[in-house]
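A short write-up of the structure that comes next.
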Amino acid sequence: MLFHIIILCFAMQSYSQKENSDLKYWTEVCSPVEVGKRVAEHFAESPHYNHLWPEPQKSIVYPEVCTWYGALTFARLSEDKQLIKKLTDRFEPLFDADSSLVPVPNHVDFTVFGAVPLELYVITHNPKYLKLGKNFADQQWELPTGSSASEEAKMYYEKGFTPQTRMWIDDMYMISAVQVQAYRATGELKYIERAAREMVLYLDSLQQPNGFFYHAPDVPFFWGRGNGWMAAGMTELLTSLPENNLYRARIMEGYKRMMASLLKYQAENGTWRQLIDDPDSWPETSCTGMFAFAMITGIKNGWIDKANYAVAASRAWLGLTSYINKNGEIQEVCEGTNKKNDRQYYLDRKRNVGDLHGQAPVLWCVSAILKED
């Protein structure tokens, strides 16, 4: 069934370029439930991802966390009880036989793990998930003891930021996801307020006049997925950030500036590129999914104008799904990527199939579409 939907989506891409501000038009063409079901089921049936990492990890790594979170939100919004059970059963051994796979929350890439038990708590109301998830969120704002804390970590901590701050754009999804989830699970403002303040630090430090972000202060390239992490992080944060929050206007300004620039660089097939502003760069699906998620959410919440953005969002969704194969795996996903001040480094990154960096944003998009307006 999904394969036929994909073919239909590909055939309909030309129609998506017509002026059309009705999101229902393109969600009916390329069913989000069908796409989400296939991608989420594929994840639920797969082994843990840590052994597939370029350098095998002892614990669960963040791409699995991001996909798990997306699969859970999709299952909740689609009211798929069987899928919820599969995704919950996948987690249960982490309390016992597979406890060694639970990461130590001493780095943004590990601390984001807390978003999964916090989403499980939102779904099940089982306090054991809340306890575990809160522990990750709380430890993110604690200074490591002894000599393990660097001078930079101490400097950020003394200013009220997480000592895990490192000024890579990837961070602002990892930090935002676990802190926002802690707020959603508990209603305690401290979690979302600290995430908002951290986001403004990154916006002020890394966002450029064109709305995009350098990968890091010393890496002046607009890497697609890195910018996608920022777009998705701002989106998750704005979705739950109270209207009267001190930092909301600044974050919204940064979000809107980025969305406006994305319109200028979208390829004909609806994707964005590995280096967003580089015409010689290849179409990359993980960033496309993240940008689509940010636009869909922005349209549905009234942050950006439907008339100006719905066509771009529809083209992004249709373009994204055209890269999903019959096994529910998305293609053309940039491999895990360090920072490097070298254009060719980014252009030469491996283009993976079924990489969870790309599977996760597909599920975020589906969940964004399914949420009530």
Side-chain angles (χ1 to χ4, degrees), residues 23 69 73 76-77 108 111-112 114-115 118-119 121-123 125 130 133-134 136-142 156-165 167 169 171-207 211 213 227 229-262 290-291 293-309 313 364 367-373:
L23 290 174
Y69 168 67
T73 58
R76 171 169 54 83
L77 292 165
V108 292
T111 310
V112 69
L118 288 167
E119 180 63 22
Y121 174 74
V122 169
I123 294 170
H125 305 294
L130 178 62
K134 275 189 66 178
F136 274 75
D138 290 336
Q139 286 199 46
Q140 189 158 62
W141 251 258
E142 293 178 4
Y156 282 119
Y157 176 77
E158 290 168 0
K159 293 182 178 180
F161 301 106
T162 170
Q164 295 178 15
T165 301
M167 284 300 152
I169 47 178
D171 303 352
M172 284 320 300
Y173 182 81
M174 311 304 164
I175 294 171
S176 297
V178 66
Q179 297 300 323
V180 171
Q181 280 293 97
Y183 169 69
R184 291 168 179 165
T186 67
E188 294 181 39
L189 285 171
K190 68 176 183 180
Y191 294 112
I192 201 156
E193 287 176 349
R194 62 171 54 151
R197 187 165 181 265
E198 189 84 18
M199 179 65 77
V200 170
L201 172 67
Y202 277 68
L203 284 169
D204 290 347
S205 301
L206 295 173
Q207 190 171 35
F213 297 81
N227 276 264
W229 289 127
M230 285 297 306
M234 286 189 286
T235 300
E236 287 283 358
L237 187 51
L238 288 168
T239 299
S240 294
L241 191 62
E243 292 289 336
N244 63 354
N245 183 272
L246 176 65
Y247 302 106
R248 184 176 178 86
R250 174 67 183 93
I251 297 168
M252 185 65 75
E253 188 273 331
Y255 165 87
K256 288 182 175 180
R257 197 191 324 168
M258 185 182 208
M259 294 302 105
S261 288
L262 285 171
M290 293 176 181
F291 296 147
F293 164 67
M295 282 191 180
I296 294 165
T297 305
I299 292 168
K300 298 191 81 170
N301 283 281
W303 306 335
I304 50 179
D305 184 43
K306 184 185 292 186
N308 291 331
Y309 286 91
W364 302 347
S367 296
I369 294 168
L370 292 181
K371 285 182 180 177
E372 294 182 2
D373 293 333

Note to self: Working to the nearest 0.5 angstrom, can you tell me the gap between I251 CD1 and M172 CE?
What the structure shows: 7.5 Å
Notebook entry, point to check: Out of R250, E253, R257, which residue meets the side chain to side chain contact (heavy atoms under 4.5 Å, CB included) rule with L203?
Noted result: R250
Next item on the list: In sequence, state the C-alpha distance, the side-chain angles, and the governing distance for Y183 and L189, and then conclude on side chain to side chain contact (heavy atoms under 4.5 Å, CB included).
Entry: CA-CA 6 Å; Y183 169 69; L189 285 171; 3.8 Å; yes
Next item on the list: Taking the side chain as every heavy atom from C-beta outward, state whether R184 and L118 have any pair of such atoms under 4.5 Å apart.
Entry: no
Notebook entry, point to check: How close do M174 and V108 get, heavy atom to heavy atom, and via which atoms?
Noted result: CB-O, 3.5 Å
Next item on the list: Would you check if there is a donor-acceptor pair between the side chains of T165 and E198 at a distance under 3.5 Å?
Entry: yes
Check: Which atoms form the tightest heavy-atom contact between F293 and W364, and what is the distance?
Finding: CD1-O, 3.4 Å
Note to self: Measuring only between side-chain heavy atoms, which start at C-beta, is E119 closer than 4.5 Å to T73?
What the structure shows: yes
Check: When rounded to the nearest 0.5 angstrom, what is the spacing between CG in L130 and CD in Q181?
Finding: 11.5 Å
Notebook entry, point to check: Can you tell me how far CG of L241 sits from CE of M234, rounded to the nearest 0.5 angstrom?
Noted result: 13.0 Å
Notebook entry, point to check: Any salt bridge between E193 and R197, counting N to O under 4.0 Å?
Noted result: no
Checklist line | Distance, nearest 0.5 Å, that separates CE of M252 from CG of N301 | finding: 8.0 Å
Next item on the list: Tell me, with the steps shown, if N227 and M258 meet side chain to side chain contact (heavy atoms under 4.5 Å, CB included).
Entry: CA-CA 9 Å; N227 276 264; M258 185 182 208; 3.5 Å; yes
Next item on the list: Could you walk me through whether Y255 and I304 pass the side chain to side chain contact (heavy atoms under 4.5 Å, CB included) test, one step at a time?
Entry: CA-CA 9 Å; Y255 165 87; I304 50 179; 3.7 Å; yes
Margin query: Using side-chain heavy atoms (C-beta onward) and a distance below 4.5 Å, is L201 in contact with M167?
Written below: yes
Next item on the list: Compare every heavy atom of A196 with every heavy atom of L237, then report the nearest pair and how far apart it is.
Entry: CD2-CA, 3.7 Å
Checklist line | Verdict with reasoning, Q179 to T111, per side chain to side chain contact (heavy atoms under 4.5 Å, CB included) | finding: CA-CA 10 Å; Q179 297 300 323; T111 310; 5.7 Å; no
Checklist line | Interatomic spacing from CG in L206 to CE in M230 - rounded to 0.5 Å | finding: 7.0 Å
Note to self: To check you understand the geometry: which heavy-atom pair defines the closest contact between Y173 and G233, and what is its length?
What the structure shows: CD1-N, 3.8 Å
Note to self: Would you say the rings of Y202 and W229 are close, in the sense that their centroids are separated by under 6.0 Å?
What the structure shows: no
Item checked: Side chain proximity check, W303 to T239, heavy atoms < 4.5 angstrom -> yes
Note to self: For a 4.5 angstrom cut-off between non-hydrogen side-chain atoms, does Y121 reach K134?
What the structure shows: no
Margin query: With heavy-atom distances below 4.5 Å as the criterion, would you say the side chains of R248 and E243 are in contact?
Written below: yes
Next item on the list: Determine the minimum heavy-atom distance between S176 and M199, stating which atoms define it.
Entry: OG-CE, 3.6 Å
Margin query: If I take atom OH from residue Y247 and atom CG from residue L238, how far apart are they, to the nearest 0.5 angstrom?
Written below: 15.0 Å
Note to self: So which atom in A368 and which in I296 form the shortest heavy-atom distance, rounded to 0.1 Å?
What the structure shows: CB-CG2, 3.8 Å
Notebook entry, point to check: Where the side chain of Y309 meets the backbone of A260, is there a donor-acceptor pair that is under 3.5 Å apart?
Noted result: yes
